[in-house]
Number of protein chains: 2
Amino acid sequence: MLQLTKRTEYGLIALTHLALRAGSVTSVREICEHYPVPRRLVAEVLKELCHAQLVESHRGSAGGYSLARAPDAISVGEVVGTLEGHPSLTSCSSMGLYVGHACGVEHVCPIRSPIETLRLELWRMLARTSLRDLAAHPKTVPSAAPALLQQRSARS
Amino acid sequence: MLQLTKRTEYGLIALTHLALRAGSVTSVREICEHYPVPRRLVAEVLKELCHAQLVESHRGSAGGYSLARAPDAISVGEVVGTLEGHPSLTSCSSMGLYVGHACGVEHVCPIRSPIETLRLELWRMLARTSLRDLAAHPKTVPSAAPALLQQRSARS
DNA sequence: TGAAAGCGCACTGAATCAGTGCTGATTCCC
DNA sequence: GGGAATCAGCACTGATTCAGTGCGCTTTCA
């Protein structure tokens with residue numbers, strides 16, 4: 001699926017919240033009081049982001065998380081890469097499609113190279129969007145929910 | 001996962017092959033003789049693409065498939081949209097995250113709007129790449145396989 | 001010392017994905 | 001007319017991934 005996982009989604013929401021509170025320590029509990037997200041999952045995700053050194057953890061009774069860097073120094077691409085691996089679009093490399101099985105000339109993957117180009121472009125797109133961009137965006141009001149995003153459910 | 005499914009991959013491979021044989025009718029068997037792809041799955045995918053009117057089917061003993069339009073009039077975006085729905089990146093719209101559950105002001109999804117921007121950009125990227133672009137690309141030779149695509153397997 | 005917070009491991013149910021079985025319908029060629 | 005080749009349609013299975021939770025431990029502060 002060409003879609004982010006819930007974990008990534010929660011991660012981005014949490015990080016955006018941390019970006020708005022930049023400089024201070026914010027607990028998972030506080031994040032979950034602001035958005036309807038499952039607490040344990042968000043905690044799980046923040047732990048991973050901590051291991052990847054995108055956030056810092058502060059244990060103890062007044063603990064929580066804070067960004068490890070400035071919001072504009074953390075890209076969406078880093079977050080996605082941490083939580084679900086770098087976007088690779090196809091699985092050519094893992095399935096060996098491009099290697100072929102017999103003659104080695106005719107049996108090459110015809111789409112690997114151009115798809116690789118798309119992959120790099122997507123990656124650049126994610127890399128140049130930072131947490132600051134997410135935090136700076138005006139919040140979406142419920143009434144603005146467009147039908148655009150719902151095209152997916154309309155498939156076959 | 002930010003990744004195309006095998007079905008889409010097979011679909012793109014098959015369509016690229018059809019693009020190279022534009023004007024003639026090509027059977028699933030012939031496609032599978034050129035690439036190490038599971039025959040039944042490719043047939044399944046082509047059937048879907050036929051319903052979406054991206055290809056035309058020709059039944060009978062000398063039957064097969066042919067592109068319904070010129071290769072440069074079929075975009076990768078159309079193919080992806082047909083086989084796995086339009087890329088939506090997040091599931092905000094389906095889970096109602098942006099609606100919130102209580103006060104209706106604080107409880108809005110902070111990332112929906114910027115992610116929507118990314119989604120549109122991704123969509124445009126896929127829309128402006130056509131089958132002709134895929135078919136025109138020089139075939140990848142096995143020795144050129146880069147380590148780039150394998151970053152994914154190195155995660156966590 | 002107790003409450004609040006994060007840490008770590010492991011588990012479960014649901015959904016999706018990849019691939020296949022089987023039968024029927026259509027067309028061409030001998 | 002019959003057989004072979006091809007697509008059409010339905011449905012099923014096993015594997016994988018995903019979302020979410022259980023449970024107990026450690027750390028810090030008041």
Side-chain angles (χ1 to χ4, degrees), chain A residues 1-11 13-14 18 24-33 36-52 55-66 68 80 83-85 88 90-92 94-95 97 152-153 155-156, chain B residues 1-11 13-14 18 24-33 36-53 55-66 68 80 83-85 88 90-92 94-97 152-153 155-156:
Chain A
M1 288 184 304
L2 209 46
Q3 197 172 337
L4 298 177
T5 62
K6 288 275 176 69
R7 296 167 59 82
T8 306
E9 204 172 310
Y10 296 152
I13 290 174
L18 292 186
S24 64
V25 171
T26 307
S27 69
V28 172
R29 182 186 48 71
E30 190 201 309
I31 293 173
C32 294
E33 280 169 357
V37 292
R39 176 171 181 165
R40 286 291 308 279
L41 247 192
V42 172
E44 193 77 26
V45 167
L46 280 170
K47 193 172 34 173
E48 271 188 65
L49 294 173
C50 185
H51 290 163
V55 301
E56 285 168 349
S57 76
H58 307 266
R59 303 181 69 167
S61 74
Y65 290 95
S66 58
V80 173
L83 295 176
E84 50 188 279
S88 61
T90 71
S91 55
C92 284
S94 58
M95 76 179 294
L97 239 192
R152 178 156 216 286
S153 57
R155 75 140 145 164
S156 70
Chain B
M1 286 184 305
L2 208 46
Q3 196 172 340
L4 300 176
T5 62
K6 288 275 176 66
R7 298 167 59 82
T8 306
E9 205 172 310
Y10 297 152
I13 290 174
L18 293 186
S24 64
V25 171
T26 308
S27 69
V28 172
R29 182 186 48 70
E30 190 201 309
I31 293 174
C32 294
E33 280 168 358
V37 293
R39 177 170 180 164
R40 286 290 309 278
L41 247 191
V42 172
E44 194 76 27
V45 167
L46 280 169
K47 196 172 31 173
E48 272 187 65
L49 293 172
C50 183
H51 288 163
Q53 298 183 309
V55 301
E56 286 168 349
S57 75
H58 307 266
R59 304 178 70 164
S61 74
Y65 291 96
S66 58
V80 173
L83 294 177
E84 49 189 281
S88 62
T90 71
S91 55
C92 285
S94 58
M95 75 180 293
L97 240 191
R152 178 155 216 286
S153 57
R155 75 139 145 165
S156 71

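So you know, we letter chains A, B, ... as the sequences are listed, proteins then strands, and number each from 1.
Contact check, Tyr10(A) against dC18(D): no side-chain N or O comes under 4.0 Å of OP1 or OP2. At dA8(D), none of the side-chain N or O atoms of His58(B) fall inside 4.0 Å of OP1 or OP2 (strictly under the cut-off).
Rounded to whole Å, the distance from NE2 on His51(B) to C1' on dA8(D) is 7 Å. Here the C1' atom of nucleotide dC11(C) and the CZ atom of Arg40(A) are 11 Å apart, to the nearest Å. For Glu56(B) and dT6(D), the CD to C1' distance is 17 Å, given to the nearest whole Å. Note: CG (Leu4(A)) to P (dC18(D)) measures 12 Å, nearest angstrom. Between Arg39(B) atom CZ and dG21(C) atom P there is a gap of 13 Å when expressed in whole angstrom units. Atom-to-atom, CD1 of Ile31(A) to P of dA5(C) comes out at 12 Å; the value is rounded to the nearest Å.
Using a distance-only test at 3.5 Å, with no hydrogens or angles considered, a donor-acceptor pair links the side chain of Glu84(A) to the main chain of Leu2(B).
Residue Arg29(B) places its side chain closer to dT6(D) than to any other of dC29(D), dT6(D), dA5(C). Comparing atom distances between the Pro38(A) side chain and each of dC29(D), dT21(D), dA8(D) picks out dT21(D) as nearest. Closest to the Ser57(B) side chain, of the nucleotides dG9(D), dA18(C), dA8(D), is dA8(D). For Val28(B), counting side-chain heavy atoms from C-beta on, the closest listed nucleotide (dG6(C), dG8(C), dC7(D)) is dC7(D). Of the candidates dA8(D), dT6(D), dT20(C), the closest approach to any side-chain atom of Ser27(B) belongs to dT6(D).
You won't find any donor-acceptor pair under 3.5 Å spanning the side chain of Lys6(B) and the base of dG19(C), going by distance alone.
Direction change of the helix axis from one end of the helix from dT1(C)-dA30(D) to dC30(C)-dG1(D) to the other is 10°, with five pairs defining each end axis (rounded to 10°).
Residues Ala62(A) and Glu44(A) both approach DNA chain D. Their nearest nucleotides, taken by heavy-atom distance, put Glu44(A) toward the 5′ side. If you find the closest nucleotide of DNA chain D to Leu41(A) and to Arg59(B), the one lying nearer the 5' end belongs to Arg59(B).
With contacts defined as side-chain heavy-atom distances shorter than 4.5 Å, the pair Val42(A)/Val45(A) does not qualify. In this structure the side chain of Thr5(A) never reaches within 4.5 angstrom of the side chain of Leu83(A), judged on heavy atoms.
As judged by a 4.0 angstrom heavy-atom cut-off over every strand, Gly63(B) is placed among residues touching the sugar-phosphate backbone only.
More than 12 heavy atoms of other residues, nucleotides or ligands sit less than 6.0 Å from atom CD of Glu30(A).
Salt-bridge annotation for Glu9(A) and Lys6(A): absent, with no side-chain N of the basic residue lying under 4.0 Å from a carboxylate O of the acidic one.
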